[in-house]
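Right, I'll just put the structure down here and ask away after.
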Amino acid sequence: MSIFPPEQRIWWKEPVERAEVLWVSIAFIWCLIMFLMMPYWHMTGNQNLANTAFRITPERYAAKAEEMVAKYKVREEGTNAVPVVHPPPGSDVYLIGRLWEWWPILELEKGKEYKLHLSSMDWLHGFSLQPTNINIQVHPGYDMAIRITPTTSGEHAIVCNEFCGIGHHAMLGKIYVK
Ligand code: CUA
């Protein structure tokens with residue numbers, strides 16, 4: 001009972017129980033294994049994406065995205081007339097996350113590499129590509145860039161996987177791969 005002091009008043013000088021040493025050692029070794037698995041998965045499993053992040057203001061990021069849309073827009077879609085953009089392979093592609101949409105719709109070519117940039121205009125959002133299961137946090141004030149090469153053609157959905165308010169469940173986007 002904690003309201004009474006331990007019988008052995010100098011309890012911290014007693015040797016550690018062998019079972020405890022054993023379990024702490026096992027847990028520590030497992031931590032090391034998991035730690036080493038992270039670079040291992042990155043090298044061999046195509047997991048743990050290599051990304052770079054730069055500070056940027058939402059205004060500057062939006063200007064870059066709008067410039068790309070103005071240059072490479074091919075059509076509009078839906079009742080909100082969301083632009084569909086077909087940027088040239090190898091180029092920088094900008095995707096905006098904001099309350100509550102992914103903007104614009106991207107149309108990419110299969111087997112070509114792009115540098116995909118992600119940033120938020122307001123709160124924290126989560127870029128979750130379906131059904132490939134790529135997940136990246138999208139922060140305001142940071143330009144998160146990753147090199148991507150689409151390998152499956154078709155229509156891919158982007159859902160938001162960080163709760164961002166009343167419209168979170170409706171925050172859907174699209175990437176076409178041709
Ligand atoms: Cu954006 Cu949830």
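Each ligand, and each atom within it, is numbered from 1 in the order the structure gives.
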At a threshold of 2.8 Å, where the distance has to be below it, does atom 1 (Cu) of ligand 1 have an N, O or S atom of S120 nearby? no
Does NZ or CZ of R75 lie under 6.0 Å from the centre of the six-membered ring of Y176, at an angle within 45° of the ring axis? yes
Given V177, which of E155, K112, K110 fulfils the side chain to side chain contact (heavy atoms under 4.5 Å, CB included) condition?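 By the side chain to side chain contact (heavy atoms under 4.5 Å, CB included) criterion, V177 pairs with just one of E155, K112, K110: K110.
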Opening angle between SG in C160 and SG in C164, taken at atom 2 (Cu) of ligand 1, to 10 degrees: 120°
What N, O or S atom of H125 is found closest to atom 1 (Cu) of ligand 1? ND1
With rounding to 10 degrees, E162 O, atom 2 (Cu) of ligand 1 and H168 ND1 define an angle of 90°
Among I29, L22, V24, whose side chain to side chain contact (heavy atoms under 4.5 Å, CB included) with I26 holds? L22
Ring geometry between H125 and W102 (parallel below 30°, tilted from 30 to 60°, perpendicular above 60°): perpendicular
